[in-house]
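Worksheet for the structure shown next.
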Amino acid sequence: TFTEMNLKNFSILFLSLTLLSCKKDFIPTESSRIEIDDFIVDEIDYKFLSTKSKFQYKNENQLINATLNTRIEKDKKIWFSVRVALGIEAARGLVTKEEIIIIDRVNKQVIKSTPDIIENTFKIKLNFEQLEAILTGNLLYDISDDDNLVREGNYFKIVQQMGSIQSQNLVNNKTSKVEKLILFDEVTNYLLTVDYENFKPLGKILFPGRHLFTSVSYLDDSPVPVINNINFNYREVERTNKPLKFPFSIPSKYVVKNI
């Protein structure tokens with residue numbers, strides 16, 4: 001069942017989308033370097049995107065199964081609704097570049113915060129556009145001449161360094177789709193891996209029908225890693241230029257908590 005802490009953790013994890021605890025060198029030992037001009041990644045472009053998925057969140061103490069509906073207006077806002085048994089809505093959220101608001105219907109409260117909560121909680125900085133990219137299987141960072149671009153078998157690997165964060169994208173050279181993302185913060189030892197699977201046609205492009213997230217983080221006062229797993233199995237995905245509705249009304253009797 002959803003408790004107040006469950007909802008808070010789920011909401012933060014959904015935004016950060018979060019197995020190992022030591023520093024990794026992601027550059028393959030046997031590979032062939034390629035030129036950036038020869039390399040193409042097939043990314044999903046859209047104005048509005050709506051999805052419906054079966055969602056599972058699991059850690060050492062919890063197992064939550066739910067239905068997750070999301071709607072995205074690119075570069076502007078992310079809306080989501082979490083429904084549990086019998087289709088009852090447990091939470092509804094709205095994320096913009098400036099604010100995060102969660103309506104917790106179980107505990108009849110509203111949680112308000114800023115995107116800084118992601119960095120404060122998981123010790124890794126992700127902006128709004130990067131959250132969108134993780135949810136759709138697009139690249140988090142633009143490719144530049146400073147990146148290490150290598151070919152290994154049927155895949156291309158993009159290895160990028162952004163401050164203390166090292167990222168690796170594994171791209172299928174036949175479909176040009178990102179099939180795996182690894183993010184590792186060399187300062188905090190935070191690790192996020194995302195596997196994109198079961199690609200299905202979405203118009204003329206492919207969309208990953210299954211997203212598998214594993215995040216590893218550390219509390220300030222503990223050397224024991226906190227491991228979280230999130231699985232999304234998408235049942236419906238729609239890309240459209242027609243504006244979507246983002247219904248979001250805060251009940252007047254709910255307690256508002258700023259965190």
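On a predicted model such as this, the values are computed, not experimentally measured, just so you know. These values consider heavy atoms only, across backbone and side chains, with no hydrogens, waters or symmetry-generated copies. Each residue takes its place number in the sequence, starting with 1.
The hydrophobic cluster containing Phe248 also contains Val256, counting ILVMFWY residues as joined when their side-chain heavy atoms lie under 4.5 angstrom apart, directly or transitively. Residues Leu212 and Leu191 do not share a hydrophobic cluster, clusters being chains of Ile/Leu/Val/Met/Phe/Trp/Tyr side chains in contact below 4.5 Å. The hydrophobic clustering, which links ILVMFWY residues whose side-chain heavy atoms are closer than 4.5 Å, places Phe213 and Leu170 apart. Both Leu139 and Ile205 sit in one connected hydrophobic cluster of ILVMFWY residues. Membership requires side-chain heavy atoms under 4.5 Å apart, directly or through other members. A chain of hydrophobic side-chain contacts below 4.5 Å, direct or via other Ile, Leu, Val, Met, Phe, Trp or Tyr residues, connects Leu181 to Met162.
Of all heavy-atom pairs spanning Glu73 and Phe48, the tightest one is CG-CE2, 3.4 Å. Across all non-hydrogen atoms, the minimal contact from Ile64 to Gln62 is CD1-OE1, 4.0 Å. Leu206 and Phe199 get closest at one heavy-atom pair: CB-CD2, 4.1 Å. Of all heavy-atom pairs between Ser215 and Leu192, the closest is CB-CD1, 4.1 Å.
Ring geometry, Phe232 versus Phe55: the interplanar angle falls from 30° to 60°, so the pair is classed tilted.
Considering NZ of Lys58 and OG1 of Thr214, their distance stands at 9.0 Å, rounded to 0.5 Å.
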Requested in this report: Evaluate side-chain contact (heavy atoms from CB on, under 4.5 Å) for Leu135 paired with Ile72, printing each intermediate quantity in order.
Outcome: CA-CA 10 Å; Leu135 290 173; Ile72 303 175; 4.2 Å; yes
Query raised in the report: When you look at Lys157 and Glu152, which way does the side-chain contact (heavy atoms from CB on, under 4.5 Å) test go after all the steps?
Result: CA-CA 7 Å; Lys157 288 187 178 181; Glu152 186 179 89; 3.5 Å; yes
Requested in this report: For Gln130 and Tyr141, run side-chain contact (heavy atoms from CB on, under 4.5 Å): C-alpha distance rounded to whole Å, both residues' side-chain angles, the deciding distance at 0.1 Å, then the answer.
Outcome: CA-CA 8 Å; Gln130 290 163 345; Tyr141 308 109; 3.1 Å; yes
Requested in this report: Give the intermediate values and the outcome of side-chain contact (heavy atoms from CB on, under 4.5 Å) for residues Asn169 and Leu140.
Outcome: CA-CA 9 Å; Asn169 286 276; Leu140 265 69; 5.7 Å; no
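Residues that satisfy the ring pair (Phe, Tyr, Trp, His ring centres under 6.0 Å) test with Tyr196, not counting sequence neighbours, are His211. Taking Gln160 as the reference, Asp147, Ser167 meet the side chain to side chain donor-acceptor pair (under 3.5 Å) condition, with sequence neighbours excluded. Residues that satisfy the salt bridge (Lys or Arg N to Asp or Glu O under 4.0 Å) test with Asp42, not counting sequence neighbours, are absent from this structure. Under the rule for a ring pair (Phe, Tyr, Trp, His ring centres under 6.0 Å), Phe128 has no partner lying at least two apart in sequence or in another chain.
The shortest side-chain heavy-atom distance between Arg235 and Lys54 falls under the 4.5 Å cut-off. Side-chain contact between Phe207 and Ile44: present, with at least one pair of heavy atoms (C-beta onward) separated by less than 4.5 Å. Contact check for Asn69 versus Arg71: no side-chain heavy atoms found under the 4.5 Å cut-off. Side-chain atoms of Ile227 and Asn59, non-hydrogen and from C-beta on, never get closer than 4.5 Å to each other. Looking only at side-chain heavy atoms (C-beta outward), Thr240 and Leu244 come within less than 4.5 Å of each other. Side chains of Ile158 and Val41 form a contact here, defined as non-hydrogen atoms less than 4.5 Å apart. Proximity of Ile250 to Ile103: side-chain heavy atoms (C-beta onward) are separated by under 4.5 Å at one or more points. Side-chain contact between Asn189 and Phe184 is present, with at least one heavy-atom pair separated by less than 4.5 Å.
For residues 82-97, the pairs satisfying side chain to side chain donor-acceptor pair (under 3.5 Å) are Ser81-Glu89, Glu89-Arg92, Glu89-Arg105, Lys97-Glu129, with sequence neighbours left out. Pairs passing the side chain to side chain donor-acceptor pair (under 3.5 Å) check and including a residue from residues 43-53, sequence neighbours excluded, read Asp45-Lys74, Thr51-Thr70.
In this structure, Lys77 satisfies the cation-pi test against Phe246, with its NZ or CZ atom closer than 6.0 Å to the six-membered ring centre and inside 45 degrees of the ring normal.
A side-chain contact (heavy atoms from CB on, under 4.5 Å) with Ile100 is found for exactly one of Val95, Leu94, Ile78, Thr114, namely Val95.
Under a cut-off of 6.0 angstrom, the local environment of NZ in Lys180 is crowded, with over 12 non-hydrogen atoms contributed by other residues, nucleotides or ligands. No more than 12 heavy-atom neighbours from other residues, nucleotides or ligands sit within 6.0 angstrom of CG on Asp142.
Looking at Asn107, its side chain never comes within 3.5 Å of a backbone N or O of Gln109 through a donor-acceptor pair.
Inspection of the Tyr155 and Asn173 side chains reveals no N or O donor paired with an N or O acceptor under 3.5 Å.
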